[in-house]
Amino acid sequence: MTIISKLYCENREVVLVIRERPNVVNGGGFVVTDCAQNVVFRVDGCGVVGKNGQLILRDTNSHPLLLICRKRGMVQAVSLDKKWKGYSKMEYEKKEKEVFSIKESQSCFLRNHSITICLHPRISNKDWDFEITGFFPDRDCSIVDFLGNIIAQIGMKKEAKEVMRSKDLYHVVVKAGIDQAFVVGVISVLDYIYCQSTRC
């Protein structure tokens with residue numbers, strides 16, 4: 001399923017490794033590698049971007065793929081829900097081509113919170129196209145489509161659990177045919193929501 005680019009859709013399952021960057025050293029964010037430790041994506045947090053509530057997803061050559069922004073304004077301030085919008089690389093300066101939006105409930109730190117994703121254009125007749133199940137701070141969650149299929153599973157490698165107490169190194173299994181850039185874009189928002197490496 002191409003959402004950002006067909007370049008990031010493989011015909012086989014892919015395992016990506018995510019390593020968070022400390023805010024104090026280089027502004028935060030994280031680096032995504034494949035199993036051969038080749039850098040595939042980078043996510044710049046607001047410490048790098050310089051604007052709170054903004055994230056940039058970059059490819060292996062540091063070219064921008066997505067600008068992801070938290071929606072602001074008076075309506076957002078009084079709403080129980082918070083929204084994020086992802087814009088494609090060619091239009092992100094003008095913010096004209098919205099690729100997806102993410103809605104988080106106000107109670108996101110509770111385990112029964114709701115985080116849903118809508119594509120633009122939509123692919124389902126539900127209120128959402130994808131949802132997050134599980135709890136991201138535990139590095140145990142999934143991105144599930146509107147039919148209930150898991151498209152990506154976020155977890156911590158068994159070896160990392162035994163060796164490291166911190167959760168700055170984890171993996172995501174992306175199912176065959178799913179856009180890896182989209183999955184990493186969603187993970188960058190989850191990282192920010194839960195006050196991880198992308199937040200200032």
Side-chain angles (χ1 to χ4, degrees), residues 1 3-4 8-10 12-23 28-45 55-59 65-66 68 70 82 84 86 99-105 107-119 128-199:
M1 172 190 308
I3 299 171
I4 309 304
Y8 306 112
C9 300
E10 297 277 347
R12 60 181 174 79
E13 187 174 272
V14 174
V15 178
L16 300 174
V17 178
I18 297 177
R19 182 182 299 274
E20 295 182 351
R21 297 186 314 228
N23 276 338
F30 54 84
V31 175
V32 182
T33 59
D34 60 19
C35 288
Q37 298 186 347
N38 300 308
V39 173
V40 184
F41 302 105
R42 289 181 176 85
V43 173
D44 290 338
L55 311 168
I56 295 179
L57 171 66
R58 298 182 185 277
D59 67 12
L65 295 173
L66 279 174
I68 305 167
R70 189 173 58 192
K82 293 184 179 175
W84 291 78
V99 180
F100 64 84
S101 60
I102 297 176
K103 183 168 79 170
E104 57 168 304
S105 68
S107 58
C108 68
F109 284 95
L110 302 176
R111 291 182 183 270
N112 61 352
H113 66 284
S114 172
I115 299 177
T116 56
I117 305 150
C118 293
L119 298 182
W128 48 268
D129 297 309
F130 302 96
E131 68 175 341
I132 306 300
T133 61
F135 195 55
F136 181 77
D138 291 341
R139 301 301 188 257
D140 184 19
C141 66
S142 302
I143 303 173
V144 179
D145 70 13
F146 65 95
L147 296 173
N149 301 310
I150 294 174
I151 67 159
Q153 177 74 43
I154 300 157
M156 201 173 210
K157 287 184 178 284
K158 184 179 177 185
E159 304 82 34
K161 281 183 181 176
E162 293 172 358
V163 175
M164 301 171 60
R165 296 214 178 266
S166 70
K167 295 179 181 175
D168 64 346
L169 179 67
Y170 56 99
H171 71 278
V172 58
V173 178
V174 182
K175 300 297 182 183
I178 301 300
D179 193 320
Q180 299 163 45
F182 166 70
V183 169
V184 174
V186 170
I187 291 171
S188 70
V189 174
L190 294 175
D191 184 279
Y192 191 99
I193 288 171
Y194 292 103
C195 302
Q196 307 282 316
S197 66
T198 54
R199 187 176 272 211

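Predicted, not measured: the structure shown is a model, and the values here were computed from it.
- Contact between Leu66 and Gly185 at its shortest, heavy atoms only, is CD1-CA, 4.5 Å.
- For Phe30, there are no ring-ring contact (aromatic ring centres under 6.0 Å, His included) partners at least two apart in sequence or on another chain.
- The minimum heavy-atom distance between Ser142 and Gln153, with the atom names listed, is OG-OE1, 2.5 Å.
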Test log, rule side chain to side chain contact (heavy atoms under 4.5 Å, CB included), inputs Phe182 and Val99:
CA-CA 9 Å; Phe182 166 70; Val99 180; 5.8 Å; no
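- The ring-ring contact (aromatic ring centres under 6.0 Å, His included) test applied to Phe146 returns no partner, not counting sequence neighbours.
- A donor-acceptor pair under 3.5 Å is formed between the side chain of Asp129 and the backbone N or O of Leu119.
- Here the closest non-hydrogen pair linking Val40 and Asp34 is CG2-N, 3.6 Å.
- Side-chain contact between Ile18 and Val172 is present, with at least one heavy-atom pair separated by less than 4.5 Å.
- One finds the CG atom of Asp59 at 8.0 Å from the CZ atom of Phe41 (value rounded to the nearest 0.5 Å).
- If you take CD on Glu10 and CD on Gln180, they are separated by 5.5 Å, rounding to the nearest 0.5 Å.
- Side chains of Ile154 and Val173 form no contact here, defined as non-hydrogen atoms less than 4.5 Å apart.
- Under 4.0 Å is where a charged nitrogen must lie from a carboxylate oxygen, and between Lys175 and Glu13 at least one such pair does.
- A donor-acceptor pair shorter than 3.5 Å cannot be found between the side chains of Asn38 and Thr33.
- For the pair Val144/Asn149, no side-chain contact is recorded, criterion being any heavy-atom separation below 4.5 Å from C-beta on.
- Contact record, Ile68 with Trp84: CG2-CE3, 3.8 Å, taken as the closest heavy-atom pair.
- The closest side-chain donor-acceptor pair between Thr116 and Glu131, if any, does not fall under 3.5 angstrom.
- In this structure, the separation between CD on Glu104 and CG on Leu190 is 9.0 Å, given to the nearest 0.5 Å.
- Between atom CD1 of residue Ile143 and atom CD1 of residue Ile150 there is a gap of 10.5 Å, rounded to the nearest 0.5 Å.
- Contact check on Glu20 versus Arg139 returns a salt bridge, with a Lys/Arg side-chain nitrogen under 4.0 Å from an Asp/Glu carboxylate oxygen.
- To the nearest 0.5 Å, the span separating SG on Cys118 from CD1 on Ile102 amounts to 10.0 Å.
- Here the straight-line distance linking atom CG of Leu65 with atom CD1 of Ile56 works out to 10.5 Å at 0.5 Å rounding.
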Given Ile151 and Phe130, is the side chain to side chain contact (heavy atoms under 4.5 Å, CB included) satisfied, shown in steps?
CA-CA 9 Å; Ile151 67 159; Phe130 302 96; 3.7 Å; yes
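- Nearest heavy atom pair, residue Leu55 against residue Gly45, reads CD2-CA, 3.9 Å.
- The closest donor-acceptor contact from the side chain of Arg199 to the backbone of Tyr192 lies under 3.5 Å.
- Contact annotation: the side chain of Val32 never approaches that of Val17 to less than 4.5 Å [non-hydrogen atoms, C-beta and beyond].
- No side-chain heavy atom of Phe136 sits under 4.5 Å from any side-chain heavy atom of Ile115.
- No donor-acceptor distance shorter than 3.5 angstrom exists from the side chain of Asp140 to the backbone of Gly155, with no hydrogens or angles considered.
- Proximity of a side-chain donor or acceptor of Asp191 to a complementary backbone N or O of Ser197 within less than 3.5 Å is detected.
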